[in-house]
Q: 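Below is the structure I would like to discuss, written out as structure tokens.
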Amino acid sequence: MPSPCLANLTVCGQNIYRTMDGSCNNRLNSDRGRSRRAYKRMLPASYEDGVGSPRGGARLPSARAVTQAIRNDINEQSSVASHQFPLWGQLLAHDLSKLGEDKDASGKLRLDCPCGDSNPLCFNIKIPDNDIMKPEKDCIPFVRAKSVLDINCKNNTRQQENTITAYIDASNIYGSNDQFNLNIADLKARLTKYIGGSLISIFDKRSKYSLNFTQIENIFNTGDIRANEQTPLMADHTTWLRMHNKIADQLANINSHWDGTKIFETARSIVGAMHQQITFNEFLPIMLGDDVMRRFDLKLTDKGYYYGYDPLYDATADISVMTAALRLGHTLVNHVLTRPNPDYSINQNDPVIDLHTQFFNAIPLFEKFGAGSVIRGMLTDHAMKFDTDFAEGLIDRLFAEEVGKYGKDLPAINIQRGRDHGVPSYNEHRKFCGLKAATTFDELIDIPSSMQERLKTLYNGVVDDIDLFVGGISENSTAGGIAGPTFACLLGHQFRDLRKGDAHWFENGGRFSTLTPSQLEAIKSVTLSSVICDVADNFTTIQPAAMKLHRLAGNQRIPCSSIKSLELSAWNETSVG
Ligand code: HEM
Ligand SMILES: [Ca+2]
């Protein structure tokens, strides 16, 4: 890999379109938000030795002991969010961040860290003696993330690498760099191919799902290697590949003089803009509530351009956000999936699908039920409540080798990852956010008192030791939102940077990539429900707000025919007038 600082010398052109790797978006530092660069840190790293050894050393409790002590196993449901809400969170997370791992040329992890391995890069999670997993295993293997130079090419303290573009640019659909795509021209050819004046969407030709699922592990097909991690995620990916192909087809029809590159890049920029619109218009308001949306200037303009672009804002993904705050979505994941018929009735003979049976298993499930049915499941099922409980498939059986066996513990991995990355403590982030830092456990004002007691025992009375992920998920939700005040603040900072620091932000006025007023209006009318109605299988009705429960007042299902789909006439260069 060339040194980031050498690559930095690349002269940036005046790009009308985004680069694939996010470089040259920010002209003060062309590496900001670029794939395969270090995460930024809103707070200095907190390594035990000041340089790179995990925070807390042996002093902190085993991460698995922590998740066991804070869980209640009552699995409460969200009263607001549908299961499509965390799914958008996961799709979005996969647009913003993918941690660099130490792999060999064939893509295999260099280390597998069996229990007891003394390699300093192995940081296995100890399973306590009284744990339900104990009879089967002694540890959860954990490999430390790859260490890279910081953005100034220094290695003063250990840094981690984000392998994808931080910008909201639908890199989860298109890929982030040459390493993944090997050859951008080939990727373009695979997504859309222009032959003799007609655009052929290869995926549509090859299979009944529009995607070629036989090559599911091949990232050419989605842009993000994690797409098949769970079936609902793959269903959402399917929607967006179809959306790309549909937009590209229509652009080719209305602008027959455009070449393949112009069609591809315009479709890509429209899909990226739709992701920004849906994230800020539908996802963030539920996650953060109105006050936080205002405080961080996250509200989209009602109409017309946004003039808040400022290159001093750095869109690079932040290590605390990606290692802890945005992972709060893990508490919201439902443990089962229903598969309703097109009229949303459920076949009583169809058992619900258990989360831990459907990891990396989308192909057979789609073949049996269809991707549309999985999407209807996400719209009908509720998300789980924001709390310290997790679906069994995540906390006890993540990626288990066999159904019925224990696997890994995702929240424990999140805690361990925070220590691996030198993410400072919960209290330090409270200070950063201007929130009250606690000197005693009963001063943890945003955490219920029963949880304060548990944390006190776990962390041996040292309030400054509480891990960020643990403190964050223990908080009560902020008014009108789902995240607690600390995570809401951290997410607020990141999403403000992603908007103000993105030269290609879809609402930007007065810039070289500015949309016309009618193009902007077309994007602003997009909702996730409009996209699903447009391209998913067998949809006739849907709730207007896809990420909210359909039984909420004002969100009853309505006919797809009454929902406006994306109108592309504003991109027509051949129309008169
Ligand atoms: C079935 C559902 C899910 C599974 C199985 C899953 C699994 C995982 C795994 C295995 C990791 C890597 C952990 C590590 O080694 O550090 C991860 C990271 C992450 N997850 Fe999830 N996840 C799920 C849902 C979600 C949701 C709903 C969200 C957000 C709303 C989310 C946000 C994240 C983020 C931000 C990361 C860090 C990504 C990175 O920087 O590499 N995940 N998840
Ligand atoms: Ca991206």
Side-chain angles (χ1 to χ4, degrees), residues 17-22 25 33-36 84-100 162-182 184 187-188 190-192 203 210-213 215-245 247-248 264-265 267-280 282-284 315-317 321-322 326-327 329 360 362 371 374-375 378 494-495 498 502 504 506 526 528 531-532 535-536 546-547:
Y17 306 115
R18 293 175 185 278
T19 55
M20 290 305 284
D21 67 359
N25 184 312
R34 183 178 189 173
S35 63
R36 304 183 73 197
Q84 182 64 72
F85 175 72
L87 259 297
W88 185 265
Q90 191 177 21
L91 192 70
L92 172 67
H94 295 182
D95 191 344
L96 309 182
S97 177
K98 167 98 180 72
L99 187 60
N162 186 358
T163 59
I164 66 173
T165 69
Y167 298 102
I168 304 177
D169 56 359
S171 54
N172 42 7
I173 314 300
Y174 299 100
S176 281
N177 54 38
D178 304 354
Q179 180 202 13
F180 283 157
N181 301 328
L182 300 176
I184 301 296
L187 170 74
K188 289 179 187 171
R190 280 165 190 256
L191 277 171
T192 52
F203 293 119
S210 302
L211 274 162
N212 179 357
F213 284 115
Q215 292 177 31
I216 219 78
E217 292 298 337
N218 179 338
I219 41 230
F220 279 124
N221 286 344
T222 67
D224 189 273
I225 195 163
R226 298 163 289 189
N228 193 21
E229 185 270 340
Q230 60 155 337
T231 306
L233 181 64
M234 185 51 109
D236 281 349
H237 269 282
T238 314
T239 303
W240 285 101
L241 261 173
R242 287 184 185 179
M243 198 70 228
H244 169 91
N245 283 346
I247 292 170
F264 175 85
E265 291 293 356
R268 174 174 167 245
S269 71
I270 293 172
V271 167
M274 293 165 89
H275 279 235
Q276 296 189 333
Q277 156 77 8
I278 292 170
T279 299
F280 278 65
E282 298 186 63
F283 178 79
L284 291 180
T316 303
V321 172
M322 299 309 157
L326 193 55
R327 296 191 190 204
F360 309 108
V374 172
I375 294 173
M378 285 187 267
Q494 178 74 67
F495 284 96
L498 284 168
D502 182 359
H504 291 277
F506 80 108
V526 165
L528 182 55
V531 173
I532 293 170
V535 293
M547 299 186 212

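Counting from 1, the numbers follow the sequence of the chain as shown. Values reported hereafter were calculated over all heavy atoms of this structure, with side chains retained and with hydrogens, waters and symmetry mates removed.
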Q: What is the minimum heavy-atom distance between T165 and S176, and which atoms define it?
A: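 For T165 and S176, the tightest heavy-atom pair comes out as N-OG, 3.0 Å.
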Q: Do H275 and L91 come close enough that some side-chain heavy atom pair is under 4.5 Å?
A: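 Yes. Closest side-chain heavy atoms under 4.5 Å.
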Q: Would you say the ring centroid of F264 lies under 6.0 angstrom from that of Y17?
A: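 Here the rings of Y17 and F264 have centres that are no less than 6.0 Å from each other.
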Q: Is a donor on one side and an acceptor on the other found under 3.5 Å between the side chain of R242 and the backbone of V535?
A: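 Checking the backbone N and O of V535 against the side chain of R242, a donor-acceptor pair under 3.5 Å is found.
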Q: Hey, does the side chain of S97 reach the backbone of A93 with a donor-acceptor pair shorter than 3.5 angstrom?
A: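 Judged by distance alone, no pair lies under 3.5 Å.
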Q: Sort out for me which residue in L528, L92, L233 forms a side-chain contact (heavy atoms from CB on, under 4.5 Å) with L87.
A: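 So the option named by the test is L233.
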Q: How long is the span from the CG atom in D95 to the CD1 atom in I168, to the nearest 0.5 Å?
A: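 If we round to the nearest 0.5 Å, D95:CG and I168:CD1 are 6.5 Å apart.
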Q: Considering residues at least two apart in sequence or located in another chain, which fulfil the salt bridge (charged side-chain N to carboxylate O under 4.0 Å, His left out) criterion with R18?
A: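 Once residues adjacent in sequence are excluded, the partners of R18 under the salt bridge (charged side-chain N to carboxylate O under 4.0 Å, His left out) criterion are D502.
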Q: Walk me through it: do I278 and F283 pass the test side chain to side chain contact (heavy atoms under 4.5 Å, CB included)?
A: CA-CA 7 Å; I278 292 170; F283 178 79; 5.8 Å; no
Q: Nearest heavy-atom pair of A315 and A166: which atoms, and what distance?
A: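 That would be O-CB, 3.4 Å.
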Q: Testing the basics here: between F280 and F495, what is the closest heavy-atom pair and its distance to 0.1 Å?
A: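 Closest approach of F280 to F495: CZ-O, 3.5 Å.
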Q: When you measure from the side chain of Q277 to the backbone of V526, do you find a donor-acceptor pair of N or O atoms at a distance under 3.5 Å?
A: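 Yes; judged by distance alone, with no hydrogens or angles, the pair exists.
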Q: To the nearest 0.5 angstrom, please state how far the CZ atom of F506 sits from the CG atom of D169.
A: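 Separation between the atoms: 14.0 Å.
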Q: How far does CD1 of I532 sit from CD1 of I375, to the nearest 0.5 angstrom?
A: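 One finds 5.5 Å between CD1 of I532 and CD1 of I375.
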Q: Which heavy atom in V374 sits nearest to a heavy atom in A235, and how many Å separate them?
A: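 The answer is CG1-CB, 3.9 Å.
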Q: Regarding Q90 and D236, is there a side-chain donor-to-acceptor distance under 3.5 Å anywhere?
A: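 No, because no side-chain N or O of Q90 sits under 3.5 Å from a partner of the opposite role on D236.
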Q: Measuring only between side-chain heavy atoms, which start at C-beta, is F85 closer than 4.5 Å to M378?
A: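 They are not in contact (no side-chain heavy atoms under 4.5 Å apart), so the answer is no.
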Q: Quick one: list whatever passes ring pair (Phe, Tyr, Trp, His ring centres under 6.0 Å) with H504, sequence neighbours left out.
A: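 Ring pair (Phe, Tyr, Trp, His ring centres under 6.0 Å) list for H504, sorted by chain: F512.
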Q: Tell me if a side-chain donor or acceptor on T163 pairs with a main-chain N or O of K98 at a distance below 3.5 Å.
A: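 Yes, the answer is positive, given that a donor and an acceptor are paired below the 3.5 Å cut-off.
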Q: Ignoring hydrogens and angles, tell me if any N or O in the side chain of T19 forms a donor-acceptor pair with the backbone of G22 under 3.5 Å.
A: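 Checking the backbone N and O of G22 against the side chain of T19, a donor-acceptor pair under 3.5 Å is found.
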Q: Decide, yes or no, whether a salt bridge links R226 with E229 under the criterion of side-chain N to carboxylate O below 4.0 Å.
A: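 Between E229 and R226 there is no salt bridge, as every charged N stays at least 4.0 Å from the carboxylate O atoms.
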